[in-house]
Amino acid sequence: MSGLVSTHDLRPSERAFVTAMQRLCFGRFESLEIQHGELVLDPWPAMVRSVKFAAEESGVPRTSRDEFKLKRQIVELFEYVRTVEAGEIRCLEIRHGLPFAMEVEHGPSLNGGERG
């Protein structure tokens, strides 16, 4: 496990993305570029909100404190991203404001490694 424990340990781009995931609540991000182990947020990736009717969970965006302990899903997402030299998250599914699953395309790797 990396040294990622709280939002204090995140890069500014990662902190901004955590906030966006919380606001989205349910849905997905599409075409999210990774360069040198960091999310590229300019231009901002496409956000698609999932809306279910007559559901108990309203999908209303939640707000949270600025500083909090990271859930395992967030730690795993950023640990993965930090190992990718070049690639694209084609689709990152968000449930309850947390990363749930993703599809990743890796760029060519100079070192022959799996993660670009």
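When a residue number appears, it is its place in the shown sequence, counting from 1.
Nearest heavy-atom pair across Asp9 and Gly3 is OD2-O, 3.3 Å. Between Ser13 and Leu41, the closest heavy-atom pair is O-CD1, 3.3 Å.
Using a 4.5 Å heavy-atom cutoff, the side chains of Arg23 and Met47 are not in contact. Contact annotation: the side chain of Ile74 approaches that of Pro99 to within less than 4.5 Å [non-hydrogen atoms, C-beta and beyond].
A distance of 5.5 Å separates CG in Leu77 from CE in Met21, rounded to the nearest 0.5 Å. His8 contributes atom NE2, which lies 7.5 Å from atom CZ of Arg15 (distance to the nearest 0.5 angstrom). Atoms CD and OG, on Glu93 and Ser50 in that order, are 7.5 Å from each other to the nearest 0.5 Å. Atom CG of residue Leu98 and atom CZ of residue Phe26 lie 9.5 Å apart, to the nearest 0.5 angstrom. Rounding to the nearest 0.5 Å gives a distance of 11.5 Å between CD of Glu33 and CD of Glu38.
Using a 30° and 60° split on the angle between ring planes, His106 and Tyr80 fall in the tilted class, from 30° to 60°. A tilted orientation is assigned to the rings of Trp44 and Phe17, their planes being inclined by 30° to 60°.
The environment of Arg11 atom CZ is dense: over 12 non-hydrogen atoms of other residues, nucleotides or ligands sit within 6.0 angstrom.
Arg82 places no side-chain N or O within 3.5 Å of a backbone atom of Gly37 that could act as its donor or acceptor partner.
In the hydrophobic clustering of ILVMFWY residues, with side-chain heavy atoms under 4.5 Å counting as a link, Phe100 and Leu70 come out apart. Two different hydrophobic clusters hold Val40 and Leu10 under the rule that ILVMFWY side chains link at heavy-atom gaps under 4.5 Å. Under the 4.5 Å side-chain heavy-atom criterion for ILVMFWY residues, no single connected hydrophobic cluster contains both Val48 and Ile89.
With Leu92 as reference, Met102 is the one residue of Met102, Glu30, Arg28 to meet the side-chain contact (heavy atoms from CB on, under 4.5 Å) rule.
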Intermediate values then yes/no, side-chain contact (heavy atoms from CB on, under 4.5 Å), Leu24 and Arg49: CA-CA 6 Å; Leu24 181 59; Arg49 184 179 308 272; 3.9 Å; yes
